[in-house]
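Numbering of ligands and ligand atoms starts at 1, following listing order. All values derive from a computational prediction rather than experimental measurement.
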Amino acid sequence: MNQLDALIEQAISLLQKANYVVALTGAGISTPSGIPDFRSPASGLWERHDPAEAASLAGFKRDPQQFYDWIRPFAHTILNAQPNPAHLALAELETAGKLKAIITQNIDMLHTRAGSTAVHEVHGHLRQVTCLRCYEIFEAGPFLDEVVQSGGVPHCSSCGGVLKPNVILFGELLPVSVLNQARREARACDLMLVAGSSLTVSPAGDLPYLAKPTGASLIIVNFEETHLDHLADVVIHGDVADVLPKLAASIKV
Ligand code: NAD
């Protein structure tokens, strides 16, 4: 057995013993669906843009056209992406009654499209847009299609204000009720499975700190090291799309 297989066996053993598994996912779970993450060299979105400007609330308000120019190719990729075997594996673990919740930093909606139902999107999602003048909320689909096709900035059909996707930008507070629910799940779990996150974005990246003191096990599946590897019971430097299906296959429905 090679080292990777041995680590997967250790993770399976923890998974089989656990009764309340919570997954914490990041951009790395969606790279096998063709959506670039933010920090991996070459594919990383921040390699080409300054996040403080392109994806900040202040930058959005100052220059919505620049924001939409930045997000247009990203939105196009997300709207055309399909769930991959890692998303499907987590949905299977929920169906099997093992996985109780997914806390995701992703805005791509691929967990729900894979069939997961208990999903806490702590950084928002691209399902809706909100008017920054009258705060009316709209389904995002038609507006994002317009953004992708015309290259313009979408406006509110009621008041003409600028529409902003319901994603959390730098300088914005996280949705309190979603974050509190995520914190409750982190404290309730007996196994936290981190998949495809650098864990560098707070407060989502700090949620393992809430799980560990309760006695929960921690498994981290990520290409790169994270600053919480020292807390983990098992660290697997492998592809989530290879590893997660192996974990899910070990659990009988
Ligand atoms: P990140 O970009 O900081 O880190 C992603 C991590 O995943 C990296 O450490 C990388 O090594 C690893 N990784 C990439 N592909 C992998 C694979 N196939 N298997 C295993 N590991 C893999 O992402 P983050 O920690 O999620 O946080 C950054 C922020 O970026 C979040 O706030 C999120 O909202 C946003 N974001 C979301 C999306 C999306 O919705 N798909 C995409 C890009 C960024």
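Only one option out of Asp233, Ile219, Asn19 pairs with Leu191 in a side chain to side chain contact (heavy atoms under 4.5 Å, CB included); it is Ile219. The residue from Leu99, Thr95, Leu247 that alone fulfils the side chain to side chain contact (heavy atoms under 4.5 Å, CB included) condition with Leu90 is Leu99.
Closest of all the heavy-atom pairs between Lys212 and Ser217 is NZ-CA, 4.3 Å. Between Glu185 and Val22, the shortest heavy-atom distance links the atoms O-CG2, 3.6 Å. Residues Ile168 and Val122 come closest through the heavy atom pair CG1-O, 3.9 Å.
Shown in contact with Thr31 at under 4.0 Å from a heavy atom are these atoms of ligand 1, numbered in order with element: 14 (C), 15 (N), 16 (C), 17 (C), 18 (N). Here is the list of ligand 1 atoms found below 4.0 Å of a heavy atom in Phe74: 38 (C), 42 (C), 43 (C). Of all the atoms in ligand 1, the ones that sit under 4.0 Å from a non-hydrogen atom of Pro32 are 18 (N). Listed by atom number, the atoms of ligand 1 under 4.0 Å from Asn106 heavy atoms are 37 (C), 38 (C), 39 (C), 40 (O), 41 (N). Shown in contact with Gly26 at under 4.0 Å from a heavy atom are these atoms of ligand 1, numbered in order with element: 26 (O). Close approach of ligand 1 to Ile35 (heavy-atom distance below 4.0 Å) involves ligand atoms 41 (N). Remark: ligand 1 atoms within the under-4.0 Å shell around heavy atoms of Asp108 are 39 (C), 40 (O), 41 (N). The Gly238 neighbourhood of ligand 1 comprises atoms 19 (N), 20 (C), with distances under 4.0 Å to a heavy atom of that residue.
Of all the heavy atoms of Ser30, the ones lying under 4.0 Å from any atom of ligand 1 belong exclusively to the side chain. Contacts between His123 and ligand 1 below 4.0 angstrom, taking non-hydrogen atoms only, involve the side chain exclusively.
Using a 4.0 Å cutoff on heavy atoms, Gly196 counts as a contact of ligand 1. Residue Gly205 places no heavy atom under 4.0 Å from ligand 1. Put simply, part of Pro36 is less than 4.0 Å from ligand 1, judged by heavy atoms.
Counting heavy atoms from C-beta on, the side chains of Val240 and Thr25 never come closer than 4.5 Å. At least one side-chain heavy atom of Asp69 sits less than 4.5 Å from a side-chain heavy atom of Gln65. Contact of the His237 side chain with the Asp229 side chain is registered, since non-hydrogen atoms from C-beta on lie closer than 4.5 Å. Looking at Leu57 and Lys164, their side chains come closer than 4.5 Å, going by heavy atoms from C-beta outward.
For the residues Asn222, Ile168, Val194, the heavy atom positioned nearest atom 6 (C) of ligand 1 is part of Asn222. Between atom 27 (O) of ligand 1 and the options Val201, Thr77, Ile29, the minimum heavy-atom separation is to Val201.
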Side-chain donor-acceptor pairs under 3.5 Å in residues 124-132, sequence neighbours left out?
{"residue": "His125", "atom": "ND1", "partner": "Arg127", "partner atom": "N", "Å": "3.1"}
{"residue": "Arg127", "atom": "NH1", "partner": "Glu121", "partner atom": "OE1", "Å": "3.0"}
{"residue": "Arg127", "atom": "NH2", "partner": "Glu121", "partner atom": "OE2", "Å": "2.8"}
{"residue": "Gln128", "atom": "OE1", "partner": "Asn166", "partner atom": "ND2", "Å": "3.4"}
{"residue": "Thr130", "atom": "OG1", "partner": "Asn166", "partner atom": "OD1", "Å": "2.6"}

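Considering backbone and side-chain N/O atoms, Ile107 comes within less than 3.5 Å of an N/O atom of ligand 1.
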